[in-house]
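Note that the numbering runs from 1 along the sequence shown for the chain. Everything quoted here is computed from the prediction, not taken from an experiment. These numbers come from the heavy atoms of this one structure, side chains and all, not from hydrogens, waters or symmetry mates.
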Amino acid sequence: MEELEKKELEQEYKIAEIQETSVNPYIESDPFVGRNSYAPSDFLERGCHNCPCSYKPIKTSEMESCAKLHVTNWMKEIRKPFNENNFDCVEVRFKNTHKDFFRLPDGLEITEGDVVAVESATGHDLGIVTLTGELCRIQMLKHNIDPRSENIKRLYRRVKPSDIEKWASSIKNESNTLQRAKEIAAELSLNMKISDVEYQGDNSKAIFYYTADDRVDFRNLIKLLAEEFDVRIEMKQIGARQEAARLGGIGTCGRELCCSTWLNTFQSVSTGAARLQQLLPNPQKLAGQCGKLKCCLNYEYDVYADAMKDFPDTNIELRTQKGPGIHHKTDVFRRIMWYSYKNSSELFILTVDSVKEIIAKNKKNQVPESLENYATEILPKSDLIEDNFAPIIE
């Protein structure tokens with residue numbers, strides 16, 4: 001009996017195993033799809049995809065694809081005069097938007113993308129050369145820096161493998177340092193926001209970038225940070241726009257932020273620029289990641305201002321026999337305006353010339369019969385596109 005029971009149990013186990021391993025063609029489980037695991041490189045904030053190699057320049061396409069400030073060298077293909085000496089200063093980029101100019105030693109040829117060691121207030125720092133030659137001279141003059149000044153720091157040499165090892169170890173500590181610094185600032189109840197930390201190339205100094213609305217007494221914070229990380233501490237206050245430029249990001253347009261890729265001067269943006277472009281004054285839509293009005297509101301401001309020079313004043317009411325007409329909205333590039341009577345929701349589309357004609361008649365004490373006599377119809381955009389391509393289709 002025991003043997004029969006054992007055999008029956010073995011058969012039951014075999015049947016269960018077959019049922020588990022068998023695949024029902026109608027109830028088939030989803031196949032396993034592997035996911036690409038992405039770990040961002042610590043060197044992206046320096047302008048390169050991976051840890052650079054000594055004596056090997058970084059490609060220009062790689063430096064320009066990391067959402068970092070770069071300059072298009074439009075003089076690259078221009079042939080230099082034979083009697084012109086090469087400019088002895090270069091532009092070097094460090095972390096994010098931090099850049100500076102340095103003087104080359106005699107006999108050292110440096111190209112764009114070289115990783116170099118440069119002079120610093122304490123020790124030396126490591127960075128990537130982003131600009132050389134005549135365009136570097138123009139860039140220095142733009143920043144009001146005299147290329148002949150003796151205060152320009154020196155560039156020592158290209159980096160060695162030992163320099164890159166120390167540089168890489170200091171860069172890996174930046175994220176933990178930033179988190180710990182925020183905790184210490186919160187423990188001291190300081191009304192400030194530490195947004196970024198930059199270690200010097202020789203790991204002897206750390207720069208803490210912060211934003212604050214009021215003056216902050218961070219003397220105790222510097223002591224605690226120096227004891228915690230055993231480096232020289234430098235605190236640097238930046239504005240909200242500079243903070244967004246350093247951290248980078250994607251704007252509502254789907255592209256990288258202008259301030260982190262090419263825009264290095266911040267002009268004041270007013271709500272008048274939005275009103276002139278017929279944009280609704282919605283702070284949530286008009287504000288960028290920095291919390292200020294978007295810099296791109298100024299890009300097309302001059303075009304709208306030039307197009308609206310001959311537009312009539314929208315505050316002027318159009319007097320008609322059926323009642324005064326009130327302005328509602330304007331299409332600048334179609335040169336049409338929407339008006340309605342008081343206490344009426346019906347809108348009439350008038351061209352700019354028609355509105356000028358009514359205003360001219362009102363000044364002569366002439367009152368037109370109605371707005372309907374001057375109203376016009378506009379085709380929807382789909383119909384306009386079909387009309388434009390009609391000759392091609394025929």
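- For Y156 and F102, the distance between ring centers is not under 6.0 angstrom.
- For the residue pair D353 / T351, no side-chain donor-acceptor distance below 3.5 Å is found, with atom types taken as modelled.
- A search for ring pair (Phe, Tyr, Trp, His ring centres under 6.0 Å) contacts involving Y210 returns F218, not counting sequence neighbours.
- When side chains are defined from C-beta on, F101 counts as touching Q139, because their heavy atoms get closer than 4.5 Å.
- For T261 (side chain) and L257 (main-chain N/O), a donor-acceptor pair under 3.5 Å exists by modelled atom type.
- Proximity of a side-chain donor or acceptor of D163 to a complementary backbone N or O of K160 within less than 3.5 Å is detected.
- L135 is not connected to W262 by any chain of hydrophobic side-chain contacts under 4.5 Å among Ile, Leu, Val, Met, Phe, Trp and Tyr, and they are in different clusters.
- A distance-only check finds no donor-acceptor pair linking the side chain of D88 to the backbone of L104 [under 3.5 Å].
- Side-chain contact, N191 with D213: no donor N or O sits under 3.5 Å from an acceptor N or O.
- A pairwise comparison of heavy atoms in N203 and V231 identifies O-CG1, 3.7 Å as the closest pair.
- Side-chain atoms of T111 and D114 form a donor-acceptor pair, as typed in the model, at a separation below 3.5 Å.
- Looking only at atom types and distance, the side chain of Q200 has a donor-acceptor partner in the side chain of S120 under 3.5 Å away.
- For E372, the salt bridge (Lys or Arg N to Asp or Glu O under 4.0 Å) test picks out K322, with sequence neighbours left out.
- No hydrogens or angles considered: a donor-acceptor pair under 3.5 Å links the side chains of K294 and T252.
- Under the rule for a side-chain hydrogen bond (donor to acceptor under 3.5 Å, both in side chains), the partners of Y374 that lie at least two apart in sequence or sit in another chain are K361.
- Inter-residue side-chain proximity for R335 and D331 is flagged as unmet; no heavy-atom pair is nearer than 4.5 Å.
- Side-chain atoms of K95 come within 3.5 Å of backbone atoms of V197 as a donor-acceptor pair (strictly under, hydrogens ignored).
- In plain terms, the two heavy atoms of I164 and C53 that are nearest each other are CD1-C, 3.7 Å.
- Residues C259 and T97 share a closest heavy-atom pair of O-CG2, 4.4 Å.
- In this structure, a donor-acceptor pair under 3.5 Å is present between the side chains of T177 and Y199.
- Nearest heavy-atom pair, E369 versus T320, reported as atom, atom and distance to 0.1 Å: O-CB, 4.1 Å.
- A donor atom on one side chain and an acceptor atom on the other are not found under 3.5 Å apart for S340 and E346.
- Taking the centre and axis of the six-membered ring of F94, the NZ or CZ atom of R46 falls outside the cone set by 45° and 6.0 Å.
- Side-chain contact annotation: H124 with E119, donor-acceptor N/O pair under 3.5 Å absent.
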